There are 2 protein chains.
Amino acid sequence: MATTTAAQKRAQAKAEYDAFLAQCPSRKLLDRIADKWVTLIVTALGGWRPDTGPGEPGPLRYSELSRLLAGVSQKMLTQTLRNLERDGLVTRTVEPTVPVTVTYELTELGLSLREMMGGIKSWAQNNMDEVLANRDKYDTRVA
Amino acid sequence: MATTTAAQKRAQAKAEYDAFLAQCPSRKLLDRIADKWVTLIVTALGGWRPDTGPGEPGPLRYSELSRLLAGVSQKMLTQTLRNLERDGLVTRTVEPTVPVTVTYELTELGLSLREMMGGIKSWAQNNMDEVLANRDKYDTRVA
DNA sequence: CAGGATCCCGCTAGATACTG
DNA sequence: CAGTATCTAGCGGGATCCTG
């Protein structure tokens, strides 16, 4: 057994995770985080506000998130928050007031995604015009 | 009319696009790019290879992409590539050989997404262990 | 080789109603 | 306030067959 340990370690370190592989669990994780609602929730908890750039990360209440992510259904908001909590990207804190107050906040792990998520949201906004123009060109070329 | 031009310009510049708003087209664009297959295609064309870090961006053939993104169906691969082409993120080049050779390559716009997409893929791989551990903790806590 | 065209299943988003 | 529960329509996405 001891003879295989070193080889196993090297094999494991070499293999690691690779999202290019279908069976790799990181492919599923990628699918989880590469998501519209995840992006918006992380950027919101990360301090981004409408038309302002990055700000200070801080906790938000459920209702605040609901208002911020205009048009999100309770189901999707709750579901996405639960997944993020389970994966350890956000914490959920219940204050026993009447009625209860629930706040969500990014963990360290969640914070490590903040920049990328914010970057993607900003990218979509900043390049919207160009993409729209490209689509026009493409459509007329095909039509 | 001339009197409103300045005000309109300021209003437009101020409003811009905001993916937090449901009706904003950038919300849809966000939904497009925050996608598993988009992430993998952009990173592949961006030069990432299994277990290597970022490399040199370069063109790839359809079959090369298909092999690289293990398990992707032709439908999703073709569909995603078409959308990316329409949005101006990739170019599609047909060489009239027999049989035809089709290559895809990132445009400048697509290249501007390369770092973020690669970052997300790497994040999923590098934090897989921690996420898995967090899920275990969460599940035993709930159970 | 690089798709196009179909069929079809499963999940999942979203709407609605209810609750501690 | 912050959810849970339920239902359903729609479509994402895979499988299969076909083609220039």
Side-chain angles (χ1 to χ4, degrees), chain A residues 19-23 27-41 44-45 59-86 90-105 138 141-143, chain B residues 19-24 27-41 44-45 59-87 90-105 138 142:
Chain A
F20 278 136
L21 303 175
Q23 333 85 295
R27 166 84 63 99
K28 278 188 176 181
L29 180 56
L30 177 62
D31 207 13
R32 269 275 167 82
I33 62 175
D35 173 78
K36 173 180 49 175
W37 299 126
V38 169
T39 305
L40 291 177
I41 288 177
L45 293 177
L60 285 177
R61 301 180 58 173
Y62 182 88
S63 51
E64 292 175 316
L65 279 169
S66 180
R67 239 172 293 118
L68 212 45
L69 312 200
V72 65
S73 64
Q74 294 115 334
K75 182 182 175 183
M76 288 317 297
L77 183 54
T78 301
Q79 192 174 100
T80 308
L81 284 170
R82 283 289 175 284
N83 284 333
L84 291 177
E85 186 195 359
R86 188 166 103 100
V90 307
T91 57
R92 179 176 180 271
T93 308
V94 181
E95 287 177 72
T97 54
V98 179
V100 297
T101 304
V102 181
T103 59
Y104 293 90
E105 191 167 14
Y138 182 91
R141 199 184 315 143
V142 173
Chain B
F20 278 136
L21 304 175
Q23 332 87 295
C24 184
R27 167 83 63 98
K28 278 188 176 178
L29 180 57
L30 177 61
D31 208 14
R32 270 273 167 83
I33 62 175
D35 173 80
K36 174 180 47 178
W37 300 125
V38 170
T39 305
L40 291 176
I41 288 177
L45 293 177
L60 285 176
R61 302 181 56 174
Y62 183 88
S63 51
E64 292 176 313
L65 278 170
S66 180
R67 239 171 293 117
L68 212 45
L69 313 200
V72 66
S73 63
Q74 294 115 335
K75 180 183 176 182
M76 289 317 296
L77 182 54
T78 302
Q79 192 174 100
T80 308
L81 284 170
R82 282 290 174 282
N83 284 332
L84 291 177
E85 186 194 2
R86 189 167 102 100
D87 290 353
V90 307
T91 58
R92 178 176 181 271
T93 308
V94 181
E95 286 178 73
T97 54
V98 179
V100 297
T101 304
V102 181
T103 57
Y104 294 89
E105 190 167 14
Y138 182 92
V142 173

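Per chain, numbering begins at 1; letters A, B, ... match sequence-line order. For clarity, every value in this text was computed on a predicted model and none was experimentally measured.
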Out of A/Leu84, A/Leu60, A/Leu68, which one pairs with A/Leu45 under the side-chain contact (heavy atoms from CB on, under 4.5 Å) rule? A/Leu60
Could you tell me if the side chain of B/Leu21 sits less than 4.5 Å from the side chain of B/Arg27, heavy atoms only? no
A/Leu65 side chain reached by A/Val72 side chain, heavy atoms, under 4.5 Å: no
How does protein contact run along nucleotides 6-20 of chain D, one letter per nucleotide 5' to 3', with B for base contact, S for sugar-phosphate only, - for none, heavy atoms under 4.0 Å? -------BB-B----
Find the distance between CD1 (B/Ile41) and CG (B/Leu77) and round it off to the nearest 0.5 Å. 5.0 Å
Which sits closer to the 5' end of DNA chain C, B/Arg67 or B/Arg82, going by the nucleotide each is nearest to? B/Arg67
Round to a whole Å and report the spacing from CD of A/Glu95 to C1' of D/dC1. 13 Å
Mind calculating the distance between CZ (A/Arg61) and P (D/dG3) to the nearest angstrom? 10 Å
Side-chain contact, heavy-atom cut-off 4.5 Å: B/Leu69 with A/Phe20? yes
B/Leu81 CG to C/dG4 P, straight-line distance once rounded to whole Å: 10 Å
Between C/dT19 atom P and A/Tyr62 atom OH, what is the distance in whole Å? 18 Å
At under 4.0 Å, does any side-chain N or O of A/Arg92 touch on OP1 or OP2 of D/dG3? yes
So, does B/Arg92 use its side chain to make a donor-acceptor pair with the main chain of B/Thr103 at under 3.5 Å? no
Double-helix bend of the helix from C/dC1-D/dG20 to C/dG20-D/dC1, axes at both ends from 5 pairs, round to 10°, gives 60°
Has B/Ser63 got a side-chain N or O lying under 4.0 Å from the OP1 or OP2 atom of C/dA2? yes
Closest heavy-atom contact between B/Arg32 and B/Asp87? NH1-OD2, 3.7 Å
Is the backbone N or O of B/Tyr62 less than 3.5 Å from a side-chain atom of B/Ser66, with the two atoms forming a donor-acceptor pair by type? no
